[in-house]
Amino acid sequence: MLKLLKKMRLKEIIMAIICAVLLLGQIYFDLRLPDYMSELTMLIQTPGSEMSHIWNTGLHMLLCAMTSAMLCIFCGFLAARIASGFTYVVREDLFQHVSGLGQQEMLGFSVPSLITRTTNDITQIQMVIAMGLQALIKSPVMAIWAVAKILGKSWELSVITAGFVLAICLSVLVIVSSVIRRARTVQRLTDKINRIARENLTGINVVHAFNAEDYQDEKFEQTNGVMMKVQLKNQRIFAALQPIMALGMNGLSLCIFWVGAALLSALPAAGMMERMTMFSNIVVFSTYATYVVMSFMMLVMIFMLLPAAQVSAERINQVLETKSTIQEGTQKDGREVGTVEFKNVSFRYPEAVQDDLTDVSFKINKGQTLAIIGATGSGKTTLVSLIARFYDATQGEVLVDGVNVKDYTFDGLYNKLGYVTQKAVLFSGTVAENVNFGENSKEPTPEDTDRAIALAQAAEFVNKLEFGKEQHIAQGGRNVSGGQKQRLSIARALARNAEILVFDDSFSALDYRTDAALRAGLTEQLPDITKVIVAQRISTIRHADKILVLDEGRVVGDGTHEELMKNCSVYREIAMSQLSEAELA
């Protein structure tokens with residue numbers, strides 16, 4: 001928690017100082033009330049006291065109460081501003097840090113867990129700061145101040161008060177220590193519930209199609225039931241706090257008056273003034289002792305929230321302290337233009353037992369088209385992921401424009417690439433915003449946007465939309481078809497005016513006519529752009545300048561379509577399974 005508090009801005013620190021000063025003022029006015037109460041008791045008990053003195057003392061008590069209330073309201077306002085401002089900074093830092101993490105780190109935390117840490121965990125901390133800032137300052141100061149006020153009045157009553165306070169503190173310590181372990185379990189279960197709910201909502205059509213609602217409900221119920229049991233244990237333990245505090249406060253008052261009565265009866269009957277002073281001290285002592293117990297009650301309320309907040313802070317710090325394994329270099333430009341080269345590249349996923357790619361070598365030059373084909377799981381997506389540096393090669397070098405991708409700055413590398421992922425991804429926004437998504441070395445013009453949409457064969461449906469390029473796209477592209485989503489993803493890569501275009505199985509949702517028209521457009525309109533195409537269809541790649549055939553992570557064929565039909569049995573088997581001999585001829 002303390003590590004996170006270091007992120008607090010100067011503005012919040014100043015507000016916290018002001019809040020602390022105002023709280024001291026509030027404590028002063030609160031603790032003045034028992035003094036006025038003692039004075040009022042003496043005036044009432046003293047024969048011949050004037051009514052004006054009593055009214056004057058009562059007016060002072062009313063002013064103290066009103067001033068304390070106003071300071072309390074203002075302190076609450078400042079505490080809320082501090083909490084919201086602080087969590088704004090933490091949430092922003094966490095989001096930016098997560099955005100910079102590599103695929104390896106993302107897999108390590110899991111997406112549902114990162115979502116929970118960015119939302120639920122930060123909310124827990126905000127709640128504690130908003131509710132606890134006043135209590136953490138006010139409670140100890142009020143307790144110490146109240147103790148200082150009563151120390152000289154009666155050692156017997158002071159010992160009783162100290163005993164009750166010690167018993168309350170030990171009870172709170174035992175309860176909190178037993179709950180904090182379960183708070184970590186609750187956060188882990190929250191991650192799991194988030195994951196199950198996210199999977200269910202994302203795949204809701206599959207759930208309905210396979211009549212799996214009961215299965216999904218049961219899976220959710222299991223995790224939800226475990227979380228309920230853990231939460232119930234925590235709440236049962238916390239439920240003991242209120243009775244303990246109530247017993248402590250009422251028991252302390254009872255003991256003070258009982259012992260005070262004994263002390264009063266022990267005084268000589270003749271010393272009327274002395275007896276009145278003792279009675280006044282007992283009343284004041286009881287009030288101050290109640291303030292001491294109330295201070296600890298306020299701390300207890302914070303202790304009920306503190307275990308969850310402490311666990312949340314640890315989880316947030318765990319993400320913030322995780323450094324990405326993908327670190328950018330210093331080079332912005334390459335020695336060549338539009339070239340991609342692999343030199344004896346091998347790659348193994350973290351914690352995998354064997355390489356996913358083994359000793360891959362090839363080079364393509366500016367304007368050439370490289371096609372990659374192979375069976376499912378042969379390493380095609382992994383290979384093009386290394387070009388975009390989603391992962392770093394385990395062995396060997398991946399060169400773009402003659403420079404190792406590890407030596408590029410992120411802007412330098414990604415400004416050279418137009419990447420279309422295997423799964424088409426669209427963001428909430430307009431068609432134009434999706435096509436022009438991201439930063440680029442060259443700001444795309446409306447003409448560039450239109451050209452990219454047309455080349456991606458998306459103009460035919462975009463022009464039919466009610467608002468054209470300004471038509472809203474739902475989150476994840478749920479209001480467009482798979483083929484339309486894929487064409488808009490291709491248009492987004494084309495709009496970057498990149499040197500190298502990478503298509504990771506990006507034509508799979510296109511019909512043959514659209515596929516052929518798109519490939520013809522790429523060849524005619526972008527002759528100087530290097531193209532890397534991962535595909536399953538022979539018809540999509542047969543005209544490529546170079547075709548790589550992958551099998552279990554190894555290159556088993558390298559050449560043109562005609563060469564591979566003669567020399568590569570794997571390629572020939574794939575081709576003959578898709579096309580007839582006449583079509584191949």
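We number each residue from 1, following the sequence as shown. Values below: every heavy atom of this structure, side chains too, minus hydrogens, waters and symmetry copies.
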Under 3.5 Å: donor-acceptor pair, side chain of [X], backbone of [Y]:
X	Y	result
E573	V570	no
R496	Y414	yes
R117	R315	yes
E218	D214	no
E12	L10	no
S346	D359	yes
N463	A459	yes
Y408	V400	yes
T87	S84	yes
K380	D505	no

Pair [X] + [Y], salt bridge at N-O below 4.0 Å:
X	Y	answer
R188	D191	no
D515	R537	yes
K363	E336	yes
K546	D558	yes
K469	D450	yes

Side chain proximity check, [X] to [Y], heavy atoms < 4.5 angstrom:
X	Y	answer
V405	L399	no
L383	F362	yes
I204	H208	yes
T118	R91	yes
L370	V340	no
T530	N365	no
L494	L526	yes
V319	L94	yes

Checking R487 against E460 for the salt bridge (charged side-chain N to carboxylate O under 4.0 Å, His left out) test, could you report, in this order, the C-alpha distance in whole Å, the side-chain angles of both residues, the deciding distance, and whether it holds? CA-CA 11 Å; R487 280 178 279 175; E460 61 173 308; 3.3 Å; yes
Euclidean distance, [Y] [atom2] relative to [X] [atom1], rounded to 0.5 Å:
X	Y	atom1	atom2	value
I364	T339	CD1	OG1	8.5 Å
R519	T540	CZ	OG1	5.0 Å
K343	S361	NZ	OG	9.5 Å
H561	K566	NE2	NZ	11.0 Å
Q216	L201	CD	CG	10.0 Å
R81	I129	CZ	CD1	14.5 Å

May I ask you to check whether over 12 heavy atoms, not counting those of [X], lie within 6.0 Å of atom [atom1]?
X	atom1	answer
K219	NZ	yes
F410	CZ	yes
Q354	CD	no
E341	CD	yes
E321	CD	yes

Fit a plane to each ring of Y419 and F390, take the angle between them on a 0 to 90° scale, and name the class: parallel (under 30°), tilted (30 to 60°) or perpendicular (over 60°). perpendicular
Kindly give the heavy-atom pair with the smallest separation between [X] and [Y], and that separation in Å.
X	Y	result
I473	N434	CB-ND2, 3.9 Å
K485	G477	CE-O, 3.6 Å
I490	A456	CG2-CB, 4.0 Å
M565	A575	SD-CB, 3.7 Å
A452	V435	CB-CG1, 4.4 Å
A388	L417	CA-CD1, 3.8 Å

Audit row: V337, E499, side-chain contact (heavy atoms from CB on, under 4.5 Å) steps and yes/no: CA-CA 7 Å; V337 177; E499 299 175 11; 4.1 Å; yes
Could you go step by step and tell me if N436 and T449 meet the side-chain hydrogen bond (donor to acceptor under 3.5 Å, both in side chains) rule? CA-CA 7 Å; N436 297 325; T449 305; 2.9 Å; yes
Could you check whether R348 makes a cation-pi contact with Y391, meaning its NZ or CZ is under 6.0 Å from the centre of the six-membered ring and within 45° of the ring axis? no
What side-chain donor-acceptor pairs closer than 3.5 Å can you find for residues 422-433, not counting sequence neighbours?
| from | atom 1 | to | atom 2 | distance (Å) |
| --- | --- | --- | --- | --- |
| Q422 | OE1 | T381 | OG1 | 3.3 |
| T430 | OG1 | E433 | N | 3.1 |
| E433 | OE1 | T430 | N | 2.9 |

Name all residues meeting the side chain to side chain contact (heavy atoms under 4.5 Å, CB included) criterion together with T382; count only those two or more places apart in sequence or in a different chain, and write none if there are none. F347, Y349, D356, L357
Under the side chain to side chain contact (heavy atoms under 4.5 Å, CB included) test, residues paired with R195 that sit two or more places apart: P112, K192, E199
Between V207 and Y215, is the side-chain contact (heavy atoms from CB on, under 4.5 Å) condition met? List the steps. CA-CA 9 Å; V207 174; Y215 171 76; over 6 Å; no
Could you walk me through whether E552 and S378 pass the side-chain hydrogen bond (donor to acceptor under 3.5 Å, both in side chains) check? CA-CA 4 Å; E552 295 184 355; S378 59; over 6 Å; no
Residue pair I547, I373: steps toward the side-chain contact (heavy atoms from CB on, under 4.5 Å) verdict: CA-CA 7 Å; I547 301 174; I373 194 169; 4.2 Å; yes
Start with the C-alpha distance between N194 and T116, add both sets of side-chain angles, then the distance that settles side-chain hydrogen bond (donor to acceptor under 3.5 Å, both in side chains), and finish with yes or no. CA-CA 7 Å; N194 189 3; T116 304; 3.0 Å; yes
Consider side chain to side chain donor-acceptor pair (under 3.5 Å). Of K416, K366, Q331, R335, which one does D401 pass it with? K416
Decide yes or no on side-chain hydrogen bond (donor to acceptor under 3.5 Å, both in side chains) for T123 and N120, but give the supporting numbers first. CA-CA 5 Å; T123 302; N120 179 266; over 6 Å; no
